[in-house]
Amino acid sequence: MDVSMNVNGQSQSHDVEPRTLLVHHIRENVGLTGTNIGCDTSSCGACTVHLNGQSVKSCTVLAVQASDSDITTIEGLAATAQADGSAIGEQNWHPMQEAFQQCHALQCGYCTPGMVMAATSFLQENPNPTEDEVRQGLEGNLCRCTGYHNIVKAVMSAAGGA
Amino acid sequence: MIPAAFDYKVAESAEQAIALLGEYGDEAKLLAGGHSLIPMMKFRLAAPAVLIDIARISDLSYIREADGHLAIGAMTKHIEVETSDVVAQHAPMLAHVAALVGDPAVRHRGTLGGTLAHSDPASDLPAAVLALGGTIIAHGPNGAREIAANEFFTGYFESVLAADEIITEVQIPTGTGAWNYQKFNRRAQDWSIVGVGVADGGKGISLVNMGSTPIRATAAEEALASGASAADAAALAAQGTTPPEDSNADAAYRTHLATVLTRRALEAAGVA
């Protein structure tokens, strides 16, 4: 069936099977491969994207459920910050991306797109979190390198708390 | 993992969902947030021929307080229950428990009606609704009916909901007394190995993952009502339960947990 959605500010229409997962749709039909597939069971958060501004695990959303929605993936995050004037640094990135770079909040990098998307959604809901709240807020995102320390540091830094 | 193929229908209203259920019968499943159903479909534990998407029915997403109860539309998301001032004021236990479900991304999708219809004995919110003495409003082809939460759950993933019925609203009595909720697990975002909800100063005590449904700890409730201490009542919490056994815990361990967590919950709620 025909599924239309706005992905990173661009209108995307594709003929998809109803059983197509949003993450497969984003990667294979829209062609944006920054969103990773990790566990494929809604545990690890590697596939986190924003659906109408809120973090979701795109392995557990059907593309048809996201029809007529706004999707932001890691590729479109910097542009949202540039549009609202919050982009910073030499790369003109989203503050969370800049904080991840400054705090070296990644090791292998596989969880990073999902971490960044989950963290930006979390800060929208809780702009001034404690470190413990950051850890709770990111409980749905796993880093198999166990690099949580710098990830939490980056989120605190992006929130202006460190 | 990809689900088996199905037809996708969008219901714009509860009436339309009921009509579609009537048309497709047992072949169809209602799809709300999908965070229980879609994983089951990916594992091929469920393979409905038709999915009826009810998450777009905006009429079923609301939180209102009136006539001594909180009325929450079935498609209200966990995040909305968790962050609602109205819920915080009138049924704070429900807001607290909503915030314990899964993780934020799950709570952005999961719905109160969905978790009740799924009837997982390991889920937190059904047990909270049970302890709080909630009522579930279901609509079918012959209109609406009210189902007390303690008559709703019938077995593993089973409820009294008929194949052509849809949950439209959940009602929670307001102004109930002291409460506490104990969720015991070992890892982030896991289900409760055992959970205990104490509502209304101990008048409602419910257990998570202590049988095939969320269940009331009636022996403990009755002991408290007859003047037993929190510790003595808690010792009866697992009476009549048939706890499951899995890699997390055997039945004896769950039985022990139920009594310990009930005592902790009663004490934390200030029940002497």
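Source: prediction; values computed, not measured. Sequence lines set the chain letters: A, B, ... in the order given, protein chains first and strands last, and positions in each chain run from 1.
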What donor-acceptor contacts under 3.5 Å connect chain B and chain A, backbone and side chains included?
from   : atom 1 : to     : atom 2 : distance (Å)
B:M1   : N      : A:D40  : OD2    : 2.3
B:P3   : O      : A:R19  : NH1    : 3.0
B:K42  : NZ     : A:D40  : O      : 2.9
B:K42  : NZ     : A:D40  : OD1    : 2.7
B:K42  : NZ     : A:C59  : O      : 2.7
B:R56  : NH1    : A:S67  : O      : 3.2
B:R56  : NH2    : A:V64  : O      : 3.0
B:R56  : NH2    : A:Q65  : O      : 3.0
B:R56  : NH2    : A:S67  : O      : 3.3
B:D103 : OD2    : A:K57  : NZ     : 2.6
B:H108 : ND1    : A:S55  : N      : 3.4
B:H108 : ND1    : A:S55  : O      : 2.6
B:H108 : ND1    : A:S55  : OG     : 3.2
B:H108 : NE2    : A:E125 : OE2    : 2.5
B:Q189 : N      : A:E139 : OE1    : 2.8
B:Q189 : NE2    : A:S43  : O      : 2.7
B:Q189 : NE2    : A:E139 : O      : 3.3

Approximate separation, where rounding is to 0.5 Å, of A:L21 CG and B:I2 CD1: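 Here the rounded value is 6.5 Å.
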Side chain to side chain, A:V64 and B:L51, heavy atoms closer than 4.5 Å: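 No, too far: nothing below the 4.5 Å cut-off.
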Contacting region of A:L138 [heavy-atom separation from chain B under 4.5 Å]: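 Neither part, no heavy atoms under 4.5 Å.
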A:L51 versus chain B, the contacting section by heavy-atom distance below 4.5 Å: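 The answer is the side chain of A:L51.
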B:F43 atom CZ, over 12 foreign heavy atoms within 6.0 Å: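 Counting neighbours around CZ of B:F43, 12 or fewer heavy atoms of other residues, nucleotides or ligands fall under 6.0 Å, so no.
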Contact origin within B:L37 toward chain A - heavy atom pairs under 4.5 Å: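 Interface part for B:L37: neither.
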Residue B:A55 versus chain A: region with a heavy atom under 4.5 Å: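 For B:A55, neither part sits under 4.5 Å from chain A.
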Chain A contacts, top residue of B:G34, B:G33, B:A4, B:A5 (heavy-atom pairs, under 4.5 Å):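 Ranked by contacts with chain A, first place is B:A5.
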